[in-house]
Amino acid sequence: MKRHVILFLALILTAFCAQAEDGSKLWLRYQTASNATIKFSGKKSPTTDIAINELSAQWRGAPISLALSTNKEIKALGNDGFRITGGESGVTIASSSDKGLLYGAFHLLRLQECGALGATIDITESPAYRLRILNHWDNLDRSVERGYAGKSLWEWEKLPAEISPRYREYARANASIGINGSVLNNVNASPTILTPEYLQKAKAIADIFRAWGIRVYLSVNFSSPKIIGGLETSDPLDKNVQLWWKQKAAEIYKLIPDFGGFLVKANSEGQPGPHDFGRTHADGANMLADALAPHGGIVMWRAFVYNPLSDDRARQAYEEFMPLDGKFRNNVIIQVKNGPVDFQPREPFTPLFGAMQRTPVMPELQITQEYLGFSNHLVFLAPLFEEFLKTDTYARGQGSTVAAVTDGSLMGHSISAIAGVANTGSDSNWCGHHFAQSNWYAFGRLAWNHKLSSAHIADEWIRQTFGDDNLLLKNLSDMMMRSREAAVDYMMPLCLHHIFSTNHHYGPEPWFWNPNMRRDWQPPYYHKADSAGVGFNRTSTGSNAVAQYFSPLRETYANLATCPENLLLWFHHLPWDYKMKNGRTLWDELCYRYARGVDETRDFQKIWDRMEHKVDADRFAAVRHKLQIQARDAIWWRDACLLYFQTFSAMPIPFELERPVYDLPRLMKQPRSTEAYILEGNYLIK
Ligand code: GCW
């Protein structure tokens with residue numbers, strides 16, 4: 001009888017646990033509730049209350065004292081930094097601010113969940129970047145540009161009256177990895193965001209985020225004074241325009257006293273900007289900076305600008321912004337995408353990093369997988385982020401990594417920041433693919449500490465998200481760590497780039513050319529395949545974009561003997577029979593790499609299937625389905641690209657490799673699918 005009761009309870013428990021595994025808890029799946037002793041003396045705040053609650057509910061170790069400290073060493077760690085010391089008899093978390101205590105609390109809990117606590121603890125942490133920000137490309141109608149996880153999290157239509165519980169969960173998840181800012185709306189900004197009605201909605205969100213240490217920022221449309229202010233112009237040198245922005249800033253700060261500032265996409269892809277009035281980016285940014293300065297706000301001005309008439313899109317951000325270096329107010333920071341074209345599976349870094357020295361520059365990374373298989377493909381992005389941050393720019397000699405030239409340490413700027421384009425949405429698992437959560441996680445962890453390795457981040461994330469079984473850890477980590485290179489191989493090996501389907505950027509369409517469209521939005525502009533060869537010549541005999549890099553990088557990239565092969569076709573146009581270092585022809589190497597990418601996706605399927613008994617049923621099935629789509633897409637990429645490029649190379653696919661399964665003419669007739677349809681995974685011709 002007793003045994004039946006136990007069995008019954010066990011069944012209920014299992015059912016409960018299984019149901020809970022929909023991914024909604026992200027990496028915060030703390031299993032054991034506890035009743036820890038937490039002491040706190042000092043001035044309480046909503047933030048210290050949260051730190052106390054989190055620890056009391058989850059901490060399973062010795063009693064903790066949280067200490068707001070004015071000690072010199074602790075103060076030197078900055079507002080967000082903290083120190084944790086202690087051992088079996090007690091642990092102290094000390095920080096000079098309540099936010100630092102919250103970060104300390106989450107750090108300690110993470111160590112506990114990762115089984116990384118020793119008998120004694122002595123940890124000092126302070127973040128690499130002062131501002132660690134998510135950019136949401138969320139529109140006010142709740143669609144999300146390049147979003148693949150449902151609708152926007154922000155229920156604009158219900159705000160400010162109704163507050164979704166997800167705002168708090170989102171803030172908690174961010175705080176747990178140190179993210180301290182959110183730009184709520186799309187950089188392709190609707191002027192409506194600055195109307196009193198929408199500012200009330202933004203305020204409601206900011207009010208929830210505040211206690212979690214997260215500031216709200218807004219993307220603004222440069223024509224707002226004209227469109228919603230009724231002015232005749234939005235010219236940044238016009239007195240009335242300047243006054244309008246000053247009043248708008250004051251209005252915002254009245255509602256949101258800790259408002260972070262503005263993010264601006266100007267004179268890019270059809271957005272309005274200072275050029276419309278014959279003014280420079282500096283004129284535009286400085287006008288906004290002056291409006292925000294009295295309130296402590298900043299302007300993040302994007303360098304993502306390119307003109308359809310240029311012969312090389314990759315050169316343009318540098319050409320346009322370098323002459324303006326030093327001309328910006330000190331509360332302006334230039335936000336630059338990691339690569340010079342656009343968030344490709346692999347790109348060299350944008351040469352503005354390191355080159356702009358008198359103006360702070362912040363990296364913009366893309367967490368959402370616009371060019372990496374949406375939320376259908378498993379691609380762990382930490383290796384991409386890490387590769388970028390650790391690349392040496394040589395701006396001030398050896399050791400001037402992208403991280404060092406942007407985190408304030410080398411250039412000495414007081415603002416330092418990093419942004420990631422978010423991959424969150426209304427899906428129950430937040431990111432569409434369960435493994436896409438790891439990219440949000442990785443961004444936060446690297447923004448806090450860019451010295452962390454991708455493997456370490458993967459390990460932390462798996463332990464917290466799936467558990468600490470050894471075999472599971474080994475297999476999942478293996479798959480995650482190989483996944484970015486796999487995607488490069490099956491999509492764009494050797495640094496081919498932008499050969500995606502125009503508009504939605506999902507599948508391959510290297511052949512697409514419409515003479516009536518912008519050339520720089522179409523694949524042949526980038527791959528330049530012809531019977532002589534393939535690749536973009538960016539050396540001195542071509543666009544000479546290579547000259548924008550510091551020595552010795554420019555020579556390294558320009559010289560075929562030293563150019564890393566994984567960047568080869570970014571910098572060089574090479575004959576199909578060009579000899580690679582391993583002795584293969586370029587054509588054969590492309591074939592082998594595409595084949596390797598396909599093989600990897602099949603391997604991922606096998607790895608995952610072996611883990612079935614170690615993962616809950618729901619998440620297992622969801623990921624299995626996505627891996628199947630990914631393997632199918634990899635074949636599609638391989639066949640489309642190789643069969644198309646073969647029309648130029650006229651060389652056979654090496655006979656030991658698998659033959660194409662699709663025909664080029666049919667692939668070229670593939671109807672252009674919508675993003676929603678693609679996400680269902682059923683778009684490919686049968
Ligand atoms: O890569 C392009 C995207 C656009 C995006 C733009 C940008 C928000 O395809 O969707 O617009 O970059 O970063 O501004």
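Only this structure's heavy atoms are used, side chains among them; waters, hydrogens and symmetry mates stay out. For ligands, and for the atoms within them, numbers begin at 1 and follow the listed sequence.
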Can you tell which part of [X] has a heavy atom less than 4.0 Å from ligand 1: side chain, backbone, both or neither?
X    : result
F343 : neither
V421 : neither
F500 : neither

Using a 4.0 Å cut-off to any heavy atom of [X], which atoms of ligand 1 qualify?
X    : value
E145 : 4 (C), 5 (C), 8 (C), 10 (O), 11 (O)
F304 : 6 (C), 7 (C), 12 (O), 13 (O), 14 (O)
Y371 : 1 (O)
N186 : 8 (C)
N188 : 8 (C), 11 (O)
K265 : 6 (C), 7 (C), 8 (C), 11 (O), 14 (O)
R146 : 3 (C), 4 (C), 9 (O), 10 (O)

Where the closest heavy atom to atom 1 (O) of ligand 1 is concerned, which of V187, V341, D342 has it?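 Shortest heavy-atom distance from atom 1 (O) of ligand 1: D342.
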Does any N or O in the side chain of D283 come within less than 3.5 Å of the main-chain N or O of T280, such that one atom is a donor and the other an acceptor? yes
Donor-acceptor check, side chain of E145 to backbone of D138, threshold 3.5 angstrom: yes or no? no
Just one of R593, H377, R638 clears the side chain to side chain donor-acceptor pair (under 3.5 Å) bar with Y490, so which one?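 The side chain to side chain donor-acceptor pair (under 3.5 Å) with Y490 is passed solely by H377 among R593, H377, R638.
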Is it true that the NZ or CZ of R279 lies under 6.0 Å from the centre of F277's six-membered ring and within 45 degrees of the ring axis?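 Negative - R279 is either too far from the ring of F277 or too far off its axis.
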Taking the six-membered ring of W156 as reference, does the NZ or CZ atom of R142 fall below 6.0 Å from its centre and within a 45° cone about the axis? no
[X] and [Y]: side-chain donor and acceptor closer than 3.5 Å?
X    : Y    : answer
Y306 : E269 : yes
Y506 : N376 : yes
W521 : N503 : no

Around [atom], find the nearest protein heavy atom and jot down its residue, atom name and distance.
atom                    : answer
atom 6 (C) of ligand 1  : E269 OE1, 3.3 Å
atom 9 (O) of ligand 1  : E370 OE2, 2.6 Å
atom 12 (O) of ligand 1 : K337 NZ, 3.0 Å

Between H505 and H498, does the ring centre distance come in under 6.0 Å?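 For H505 and H498, the ring centres are under 6.0 Å apart.
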Verify the neighbour count for atom NZ of K226: are there more than 12 heavy atoms of other residues, nucleotides or ligands below 6.0 Å? no
Under a heavy-atom criterion of less than 4.0 Å, does R302 contact ligand 1? yes
